[in-house]
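The structure appears below as structure tokens.
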There are 2 protein chains.
Amino acid sequence: MSVKDGKTEQLIKETAKRIFLTEGKMLATTQDIADAAGVNRTLLHYYFRSRDVLFNMVFKEALTKLRTRVHEVLGSEMPFKQKVENLVNVFYEELTESPYLETFIALHLNQEPEKYEELFIALPGGRERMKNFLKEIQREMDKGTIAENKPVNFFINLFALMAYPFVARPIYLKMFDLTNAGYNKLLTERKSSILSTLFKN
Amino acid sequence: MSVKDGKTEQLIKETAKRIFLTEGKMLATTQDIADAAGVNRTLLHYYFRSRDVLFNMVFKEALTKLRTRVHEVLGSEMPFKQKVENLVNVFYEELTESPYLETFIALHLNQEPEKYEELFIALPGGRERMKNFLKEIQREMDKGTIAENKPVNFFINLFALMAYPFVARPIYLKMFDLTNAGYNKLLTERKSSILSTLFKN
DNA sequence: CCTTTGTTTAACAATTTTGTCAAACAATAC
DNA sequence: GTATTGTTTGACAAAATTGTTAAACAAAGG
């Protein structure tokens with residue numbers, strides 16, 4: 001093994017991840033990625049065979065990380081509100097790193113479903129965990145801590161409030177004439193705002 | 001003028017709109033569009049000069065339509081809650097037609113900002129209308145009909161709850177094993193759910 | 001030092017996609 | 001009928017992008 005010892009492969013993958021998921025340039029060419037990583041374009045093919053393989057690898061890793069963390073929280077033994085709080089934090093962390101992840105899923109998932117099918121195989125026990133969480137939501141409604149509704153609607157509301165502000169950053173930067181730093185501040189503040197919107201407390 | 005009388009141009013534009021904004025296939029080639037419209041690919045260039053021009057035209061028209069309708073509602077004389085109700089309806093209608101519009105904006109707006117700048121020139125009086133709406137939100141908070149918060153957060157919450165479920169349709173279709181029809185039903189039900197989430201009533 | 005293994009490079013081939021052009025065609029006006 | 005105008009087509013050119021290959025190179029082991 002050479003002196004670089006797997007560093008180049010890592011470098012390319014991380015650069016691709018940054019370009020695709022952080023900067024949202026999903027049309028970036030192999031040349032763009034190679035340039036950004038400061039390596040010869042052929043290396044990209046050497047390590048990953050094709051642009052497609054690299055793209056899917058990056059995509060899949062980010063998605064799996066997010067899903068795993070979400071399911072960890074969903075499956076944990078914790079009071080409901082604390083669970084939601086943790087979810088908000090997980091989303092905040094993951095979408096800060098990969099703000100375009102949700103956009104990518106939305107765009108690809110129903111374009112070539114068969115191709116991306118494998119990326120969405122259920123996590124072990126995932127279905128079960130989801131059902132339990134919906135039941136938990138129902139119990140909270142019964143207790144009166146959150147508004148009466150279909151549990152699935154609370155679920156979608158929660159994810160909408162968490163994810164959308166990351167997806168729509170460019171829109172609000174323009175609409176409210178904010179800087180990126182200003183928007184980041186807003187996103188942090190929103191964490192508690194989400195909870196107060198969803199919980200009657 | 002020929003017998004078809006502008007029909008072909010319309011046909012191409014509407015097909016492009018469907019493919020780009022309704023089906024979300026934003027990588028569709030000129031050939032894809034021509035095929036879907038059942039016309040020769042050259043016609044696309046004849047009428048629109050380039051793929052780019054067509055793409056931007058479709059994009060701009062849909063965006064302008066949505067923005068115009070939103071601002072009509074914002075600027076209307078109406079009780080606050082009714083205004084929000086109307087906004088929800090406008091979004092529902094427009095995003096049913098162009099569910100990928102928000103995704104497109106998010107993806108393009110900070111890729112080549114100078115290029116898309118012109119698509120986002122403020123509507124006449126837009127800034128003013130926006131400010132007034134934020135003030136209205138503040139008044140409602142003072143009255144206690146909605147939760148105390150930064151007005152901009154209420155604004156983002158509102159748009160998140162309206163837009164995200166359209167952006168994320170493919171995700172929830174999979175996650176909850178729904179059909180498109182089932183998801184449509186859910187979206188309709190959500191209209192009132194959004195209001196009850198945001199208003200203390 | 002020479003062989004082996006893995007890495008990097010430049011040159012090239014293949015493919016895909018966009019864009020152009022000149023000629024054919026159709027309807028109407030004269 | 002012929003000229004004019006706008007429409008449609010197929011063939012072609014140009015550009016951009018991906019993928020392949022063979023050779024140069026570097027490190028480490030024997």
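Below, chains carry the letters A, B, ... as their sequence lines are ordered, and counting in each starts from 1.
- In this structure, the CG atom of Leu44(A) is 15 Å from the P atom of dT7(C), given to the nearest Å.
- One atom, CG of Leu11(B), and another, C1' of dT7(D), lie 14 Å apart when rounded to the nearest Å.
- Rounded to whole Å, atom C1' of dT7(D) lies 16 Å from atom NZ of Lys7(B).
- Applying the salt bridge (charged side-chain N to carboxylate O under 4.0 Å, His left out) test to pairs two or more places apart or on separate chains, those with a residue in residues 19-37 of chain A are Arg18(A)-Glu23(A), Glu23(A)-Lys25(A).
- Across all strands, Phe48(B) comes closer than 4.0 Å to no nucleic acid atom at all (heavy-atom distances).
- Salt bridge annotation for Lys191(B)-Glu85(B): absent, with no cationic side-chain nitrogen under 4.0 angstrom from a carboxylate oxygen.
- Under the side-chain hydrogen bond (donor to acceptor under 3.5 Å, both in side chains) criterion, Glu72(B) pairs with no residue, sequence neighbours left out.
- Sorted by first and then second residue, the salt bridge (charged side-chain N to carboxylate O under 4.0 Å, His left out) pairs involving residues 192-201 of chain A (not counting sequence neighbours) form an empty list.
- Checked against side-chain contact (heavy atoms from CB on, under 4.5 Å), Arg139(B) has the following partners two or more places apart in sequence or in another chain: Lys135(B), Glu136(B).
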Check your understanding: Nucleotide by nucleotide, 5' to 3', does protein get under 4.0 Å of the base (B), only the sugar-phosphate (S), or neither (-) in nucleotides 10-18 of chain D, counting heavy atoms?
Key -> B------SB
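- Regarding contacts with the backbone of dT8(D), a side-chain N or O of Tyr47(B) is found under 4.0 angstrom from either OP1 or OP2.
- The phosphate of dT8(C) (OP1 or OP2) has no side-chain N or O of Tyr46(A) nearer than 4.0 angstrom.
- As a whole-Å value, the separation of Glu9(A) CD from dT8(C) P is 10 Å.
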Could you pull out all donor-acceptor pairs under 3.5 Å where a side-chain atom in residues 164-171 of chain A meets a protein atom, sequence neighbours excluded?
from      : atom 1 : to        : atom 2 : distance (Å)
Tyr164(A) : OH     : Glu102(B) : OE1    : 2.7
Arg169(A) : NH1    : Asn180(A) : OD1    : 2.5
Arg169(A) : NH1    : Asn184(A) : OD1    : 3.1
Arg169(A) : NH2    : Asn184(A) : OD1    : 2.8

